[in-house]
Amino acid sequence: MTKREGCLSAVCFLLLWCTVFSQSHDSRRIQEQLGLIFGDPAFHRAVWGVKVQSLETGETLYQLNADKYLMPASNMKLVTAVAALEALGLDYKFRTRVMREGSLRRGVLRGNLVVVGSGDPTLGARLSSPDVEQIEEGDPDAVFKDWARRLKELGIRRVAGDVVGVDDVFDDVGLGHGWSWDDLPYGYSAEIGGLQFNENNVLLRISPGDEAGEAAQVEMRPAGSYLQFANQVRTVPSWEEAGLWLRRTGANRVEVGGSISVGDEPVWRSVTVENPTLYFTTMLVEVLRREGIEVTGIARDADQMEEKPQATEVLFTHESPDLRYILRVLLKISQNLYAETLVRMLDPRPFDKSFDGGRREVERLLRRAGIPEDAYRLADGSGLSRYSFLTPDMLVRLLRHAHRSGYAEEFRGFLPVGGVDGTLEGRFKGTAAEGRVKAKTGTLSNVRALAGYVSTADGEALAFVMIVNN
């Protein structure tokens with residue numbers, strides 16, 4: 001058994017125990033059995049942090065290193081989600097304004113089309129997909145096509161100027177503290193910006209050639225000119241080990257390499273873009289032109305202009321889905337960009353919102369929840385950072401706080417369900433835990449985590465946290 005398999009076996013054992021045993025359990029026997037699991041020699045270089053507590057009685061059923069700092073990976077998103085629920089509310093929506101600069105006569109806008117961002121992370125393929133977990137099935141251009149329709153309804157057939165993006169709602173720090181540089185080409189490490197399109201990445205669809213030795217086929221989605229890629233992927237025989245990699249070769253240039261086996265189904269890889277604002281306006285210009293609106297100018301980022309645009313009229317406002325949709329995506333599939341966006345939105349300033357400003361608001365929430373200040377170190381909102389640390393006890397306290405809140409039922413509904421959906425769809429199938437574990441996963445190099453809720457055989461509700469480092 002590998003260490004990773006052993007880790008997952010321990011997790012499964014604990015959760016199956018939670019669902020099988022009732023309140024009349026022998027706690028000493030349980031602690032002895034779990035002590036054997038977590039003390040397995042396979043884990044002699046690892047550090048476990050575990051806590052299981054009854055939400056009804058407050059009794060701690062098991063704990064191990066519950067007050068020790070551990071890297072939580074995406075368990076950090078639980079902190080972000082609860083903070084967003086309390087500070088923004090379930091009905092919160094992002095609003096992006098499309099404005100004009102100049103006069104409008106006879107179908108011609110004689111000036112710039114200006115888009116003022118609010119940080120909305122939902123614009124793109126996922127919003128148009130039938131399933132929030134399958135971004136590949138959506139149409140990334142759907143929102144921009146609708147914008148083209150709305151512009152035509154306003155009588156605009158030609159923009160005799162540029163399309164300018166204003167991203168001043170956030171500061172210009174696009175990456176999280178402590179993110180690994182070699183993660184940056186991959187979609188899960190997308191830059192954060194005030195204007196965000198398709199989660200600030202491009203999807204590459206990689207298909208094998210007809211025969212071994214041929215070059216693989218690589219298609220880009222959405223199609224456009226912003227990202228350039230070099231295809232170094234080759235097709236190999238079915239018995240040969242295959243694997244893919246990404247490497248940046250310049251600003252918005254990437255090399256995709258490795259191999260894919262003949263006869264395999266296409267593989268999707270997401271690639272990040274630099275300067276999300278310019279990506280947003282570039283793709284908007286290309287969609288407008290395809291939809292029959294002439295744009296004589298170019299795509300612009302207002303930060304790169306000598307004079308800021310002076311838009312005078314709001315043509316229309318685009319609203320995002322409410323926070324219910326956003327938190328479902330955030331927690332079910334563990335979407336990092338959504339988490340980083342929400343932390344910044346907690347900063348009360350109207351412009352130049354920052355992670356540090358949002359973190360201060362998160363810390364206020366944690367104090368109100370009775371969580372000691374020395375129980376955490378927050379370096380980002382998603383858990384991608386190597387500088388973020390939480391204790392298992394802190395997360396159990398947070399889960400208890402959410403359980404007692406007015407949004408408790410909805411919060412549970414946003415979490416992945418064991419054997420059913422999200423990042424837990426493939427776990428616990430056919431076991432007593434299927435459908436009864438609602439928890440957030442966490443995965444980072446040398447980190448595995450799982451935290452959430454589970455009920456025992458007789459219906460006792462428990463909160464649990466399990467994190468293992470190294």
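- Comment: R364 engages E361 in a salt bridge, judged by a side-chain N to carboxylate O separation of less than 4.0 angstrom.
- Using modelled atom types, one side-chain atom of T80 and one backbone atom of G381 make a donor-acceptor pair closer than 3.5 Å.
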Which is it for V82 and L78 under the side-chain contact (heavy atoms from CB on, under 4.5 Å) test, yes or no, and what are the steps along the way?
CA-CA 6 Å; V82 171; L78 293 168; 5.6 Å; no
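- Listed here is the closest heavy atom pair of L113 and M99: CD1-O, 3.5 Å.
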Walk me through it: do R300 and N112 pass the test side-chain contact (heavy atoms from CB on, under 4.5 Å)?
CA-CA 10 Å; R300 305 287 294 270; N112 297 328; over 6 Å; no
Let's go through Q196 and F94 carefully: what are the C-alpha distance in whole Å and the side-chain angles of both, what is the deciding distance for side-chain contact (heavy atoms from CB on, under 4.5 Å) to 0.1 Å, and is it a yes or a no?
CA-CA 12 Å; Q196 309 192 111; F94 291 87; over 6 Å; no
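- Scanning for side-chain contact (heavy atoms from CB on, under 4.5 Å) contacts around L244 gives I206, V233, V267, R269, with sequence neighbours left out.
- Side-chain contact between R386 and L444 is present, with at least one heavy-atom pair separated by less than 4.5 Å.
- Panel note: side chain R324, backbone L90; a donor-acceptor pair is recorded below 3.5 Å.
- Looking only at atom types and distance, the side chain of Y376 has no donor-acceptor partner in the side chain of E363 under 3.5 Å away.
- Under the rule for a ring-ring contact (aromatic ring centres under 6.0 Å, His included), the partners of Y226 that lie at least two apart in sequence or sit in another chain are Y279.
- In this structure, the side-chain contact (heavy atoms from CB on, under 4.5 Å) partners of A379, at least two apart in sequence or on a different chain, are H177, S385, Y387, S388.
- The neighbour count for R328 CZ, taken as heavy atoms of other residues, nucleotides or ligands under 6.0 Å away, does not exceed 12.
- Residues E137 and S129 approach most closely at CB-OG, 4.0 Å, considering heavy atoms.
- Contact detail for I333 and V329: the closest heavy-atom pair is CG1-O, 3.0 Å.
- Cation-pi check for R377 over Y69 is not met; the charged atom does not lie both under 6.0 angstrom from the ring centroid and within 45 degrees of its normal.
- A pairwise comparison of heavy atoms in D347 and G357 identifies OD2-CA, 3.4 Å as the closest pair.
- What you find for F197 and P140 is that their closest heavy atoms are CE1-O, 3.1 Å.
- The pair D146-R149 meets the salt-bridge criterion, since a charged nitrogen lies less than 4.0 angstrom from a carboxylate oxygen.
- Between F144 and F280, the ring planes lie perpendicular to each other; the angle is over 60°, past the 30° to 60° tilted range.
- Heavy-atom neighbours of E241 CD from other residues, nucleotides or ligands within 6.0 Å: at or below the threshold of 12.
- Only one option out of R349, R360, R344, R359 pairs with S354 in a side-chain hydrogen bond (donor to acceptor under 3.5 Å, both in side chains); it is R349.
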Full working for side-chain contact (heavy atoms from CB on, under 4.5 Å) between Y338 and R126:
CA-CA 12 Å; Y338 283 41; R126 195 178 305 280; 4.1 Å; yes
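- Side-chain contact check for S259 and E240: no donor-acceptor pair (N or O, by modelled atom type) lies under 3.5 Å.
- When atom types are taken as modelled, the side chain of K353 and the backbone of F170 share no donor-acceptor pair closer than 3.5 angstrom.
- Atom NZ of K68 has 12 or fewer neighbouring heavy atoms from other residues, nucleotides or ligands inside a 6.0 Å radius.
- Defined by atom type and a distance below 3.5 Å, a donor-acceptor pair is missing between the side-chain atoms of T235 and E214.
- Remark: side-chain polar atoms of N198 are not paired, donor with acceptor, to backbone N or O of G124 under 3.5 angstrom.
- The two atoms that bring G117 and L195 nearest to each other are CA-CD2, 3.4 Å, heavy atoms only.
- When atom types are taken as modelled, the side chain of N231 and the backbone of A216 share a donor-acceptor pair closer than 3.5 angstrom.
- Under the 4.0 Å criterion applied to side-chain N and carboxylate O atoms, R397 and D393 are assigned as salt-bridge partners.
- Between Y453 and F411 the shortest side-chain heavy-atom distance falls below 4.5 Å.
- Between the side chain of N469 and the backbone N or O of M71 there is at least one donor-acceptor pair closer than 3.5 Å.
- The main-chain N or O of V164 is never found under 3.5 Å from a side-chain atom of D162 such that the two would form a donor-acceptor pair.
- No donor-acceptor contact under 3.5 angstrom links the side chains of T423 and S334, judged on distance only.
- Around CZ of R253, the count of heavy atoms belonging to other residues, nucleotides or ligands within 6.0 Å does not exceed 12.
- E291 has no carboxylate O lying under 4.0 Å from a charged side-chain N of K145, or vice versa, which leaves the two without a salt bridge.
- Counted by atom type alone, D120 and S118 present zero donor-acceptor pairs between their side chains at under 3.5 Å.
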